[in-house]
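Scroll down for the structure; my scribbles are underneath it.
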Protein chains: 2
Amino acid sequence: MRNHQVVSVWLEGELGAGRLAIGSRLPGERAMAEQLNISRASVREGTRVLEALGVVRAGVGSGPQAGTIITANPALALDSALRLHVASTHLPVGDIVQTRLLLETWAAAHASPESPALRSATALLDEMDAHDDGPAGFLERDALFHVALAEATGNVLIGAMMGSLRGSIAEYTQRLTTGLPDWEATSGRLRREHRAILEAILSDDGAYAAALVREHIEGFYQESGVHGSAGT
Amino acid sequence: MRNHQVVSVWLEGELGAGRLAIGSRLPGERAMAEQLNISRASVREGTRVLEALGVVRAGVGSGPQAGTIITANPALALDSALRLHVASTHLPVGDIVQTRLLLETWAAAHASPESPALRSATALLDEMDAHDDGPAGFLERDALFHVALAEATGNVLIGAMMGSLRGSIAEYTQRLTTGLPDWEATSGRLRREHRAILEAILSDDGAYAAALVREHIEGFYQESGVHGSAGT
DNA sequence: TAGCTTGTGTGGTCCGACCACATGGCCGTA
DNA sequence: TACGGCCATGTGGTCGGACCACACAAGCTA
């Protein structure tokens, strides 16, 4: 085992034993180096990995925000990993879109009507009605709306995955809108569909909500001139 | 932006521009440090992150396996991230099981009968029949079988996710088997179900395959004394 | 020719130093 | 006493240089 991995292993042990938890502050790099019998450079390499995985957050200076603190951001790991693997052309965007469709339909079917995440989802829809700042602003809120639905299922993993996928698809979706003949008409339709989906979830009609989501997503891609890429 | 992030950004640019691709060898750490105008320590921190995300693989010495080489292992990032986030109790195992069920039923429904991955799946089932090395060996092949099904869909992302999920659940599943009254009977049933699932996929009957997978998984958890954790 | 030796380049590790930063306590002043 | 500025302290961030283990390839040797 390489020395920098000692840090991950050690942390996993501490977490498992309950000696450390989310919000805890790790020992200083110099102290940890001595404690684990490795150099500070190795400690730093280890913490960089933990940081990339969304497990810790490093802050300089002193005070509450300083030091290396345990956080919980599983989406971060997925996010950066997706970016790079897409860039390496090893991960087709079509696969991501397909996965998104899978997760979203499931989320719509299993979202809890009582989830507080639905309140922010409602707020987002209101914003989309109130503001009219073009495709960019609309899609931004659209993405957040869909992530909120995923979070409403209470499943942390699926919520994190949706959050990461959203970022990866954002650019792609943005590009699609440029080919649309009538943005006003499209956005109006999308807004109505959002309301219907939310309504179905709040009425505890998961199956109907899932069907609406499927139509919603597939409809958008079809209108944007993409065929078959999201054939779930 | 911190210096070690320069490496990721630079690599993403190189990949996007096509100057580097999977299999390419990165410049040596010393050369990269000079090229990017950062210290070797920073370069190393950057490559550690890339390594953790499954984007590169580092090898010492000289020859074909030496140096830092671009790979494509998206599952690695998810794998280590899941381990740590589960350890931090931020990610319930139930969520993972639930996600697994979602991905697997979808995979069964969308696996391509012509996929070469199904051949290795068949081989795994034959091995499970031939060898009888207890729950440990059985579950190992069982996991690989399910991952093979996911890969048979051709969706890289879903395949990678399944691979990571299985790893995270492995220990959990292992523990469940200890509570089983009659392992022989259970393994026999699981083997028959595997055959039926594979048969359904090869017959291009995705819907039936998905239903079988659902029963297969839920049945196992129920028999193991877990109730409701996998309620998709 | 076969086998050993040596050279070269790779990542792995370590040390010691300095920097920027944020805080909290000390000290001088009003 | 109360206020305000200064500085000691501890944090992560960065750097340069050094040495190691390793794996291969070229060259030397028997």
Side-chain angles (χ1 to χ4, degrees), chain A residues 1-11 14 20-73 76-77 80 84, chain B residues 1-11 14 20-73 76-77 80 84:
Chain A
M1 178 167 55
R2 287 193 274 158
N3 278 358
H4 72 88
Q5 296 176 309
V6 172
V7 180
S8 302
V9 173
W10 169 81
L11 180 60
E14 294 296 297
L20 290 176
I22 295 178
S24 301
R25 172 182 277 99
L26 265 56
E29 296 181 347
R30 295 158 180 87
M32 220 187 304
E34 189 175 1
Q35 187 176 329
L36 301 177
N37 256 301
I38 57 181
S39 74
R40 194 186 158 205
S42 296
V43 169
R44 285 185 59 76
E45 290 185 15
T47 54
R48 277 303 79 70
V49 171
L50 295 176
E51 202 177 13
L53 296 179
V55 178
V56 305
R57 192 210 58 202
V60 293
S62 70
Q65 296 304 312
T68 305
I69 295 169
I70 301 178
T71 61
N73 188 0
L76 209 162
S80 24
L84 283 160
Chain B
M1 177 167 56
R2 287 193 273 157
N3 278 359
H4 71 88
Q5 296 176 310
V6 172
V7 180
S8 302
V9 173
W10 170 81
L11 179 60
E14 294 295 296
L20 290 178
I22 295 177
S24 302
R25 173 182 276 98
L26 265 57
E29 296 181 347
R30 296 160 180 85
M32 221 187 302
E34 189 176 0
Q35 187 176 331
L36 300 177
N37 255 301
I38 56 181
S39 74
R40 191 184 161 207
S42 296
V43 169
R44 284 185 59 75
E45 290 185 14
T47 54
R48 279 300 81 68
V49 172
L50 295 176
E51 202 176 14
L53 296 179
V55 178
V56 304
R57 194 210 59 206
V60 293
S62 70
Q65 296 304 311
T68 305
I69 294 169
I70 301 179
T71 61
N73 188 0
L76 210 160
S80 24
L84 283 159

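FYI, side chains are in, hydrogens and waters are out, and symmetry mates aren't considered; it's all heavy atoms of this structure. Given the structure is predicted, the values throughout are model-derived calculations rather than measurements. Every chain is numbered from 1, with letters handed out A, B, ... down the list of sequences.
Nearest-nucleotide mapping onto DNA chain C: of B/R40 and A/P64, the residue sitting toward the 5' end is B/R40. The residue among B/G28 and B/A41 whose nearest nucleotide of DNA chain C lies closer to the 5′ end is B/G28.
Expressed to the nearest 0.5 Å, how far CG of A/L50 lies from CH2 of A/W10 amounts to 9.5 Å. If you take CG on A/L53 and CZ on A/R48, they are separated by 12.0 Å, rounding to the nearest 0.5 Å. To the nearest 0.5 Å, the span separating CZ on A/R2 from OG on A/S8 amounts to 11.0 Å. Annotation: the span from A/E29 atom CD to A/T47 atom OG1 amounts to 5.5 Å, rounded to 0.5 Å.
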Q.
Evaluate A/T68 against A/R57 for side-chain contact (heavy atoms from CB on, under 4.5 Å), listing each step before the verdict.
A. CA-CA 6 Å; A/T68 305; A/R57 192 210 58 202; over 6 Å; no
Q | Residues A/R40, A/E45; criterion salt bridge (charged side-chain N to carboxylate O under 4.0 Å, His left out); working and verdict | A | CA-CA 9 Å; A/R40 194 186 158 205; A/E45 290 185 15; over 6 Å; no
Q: Just do the side-chain contact (heavy atoms from CB on, under 4.5 Å) check on B/V43 and B/I38 with the steps written out, would you?
A: CA-CA 7 Å; B/V43 169; B/I38 56 181; 3.7 Å; yes
Q | CA sep, side-chain torsions, deciding dist, call: B/L11, B/I70, side-chain contact (heavy atoms from CB on, under 4.5 Å) | A | CA-CA 10 Å; B/L11 179 60; B/I70 301 179; 3.9 Å; yes
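Within the 3.5 Å criterion, the main-chain N or O of A/A31 finds no donor-acceptor partner in the side chain of A/E34.
Side-chain atoms of A/L36 and A/V7, non-hydrogen and from C-beta on, do get closer than 4.5 Å to each other.
Legend: residues meeting side chain to side chain donor-acceptor pair (under 3.5 Å) with A/R30, ordered by chain and number and at least two apart, are absent. Every residue two or more places apart in sequence or in another chain that forms a side chain to side chain donor-acceptor pair (under 3.5 Å) with A/S42 is listed here: A/S39.
Taking a cutoff of 4.0 Å between a charged side-chain nitrogen and a carboxylate oxygen, A/R44 and A/E51 do not qualify as a salt bridge.
For DNA chain C, the neighbouring residues in residues 45-63 of chain B, judged by any heavy atom under 4.0 Å, are B/R48, B/A58, B/G59, B/V60, B/G61, B/S62. Residues of residues 29-39 of chain A having a heavy atom closer than 4.0 Å to DNA chain D, listed by number: A/E29, A/R30.
Rounded to an integer number of Å, the gap from A/R44 CZ to D/dT11 C1' is 11 Å.
With a cutoff of under 4.0 Å to any heavy atom of chain B, the contacted region of DNA chain C is bounded 5' to 3' by C/dG9 to C/dT13.
When the C1' atoms of four end pairs are superposed on the next four at each end of the helix from C/dT1-D/dA30 to C/dA30-D/dT1, using five pairs per end, the two resulting axes differ in direction by 30°, to 10°.
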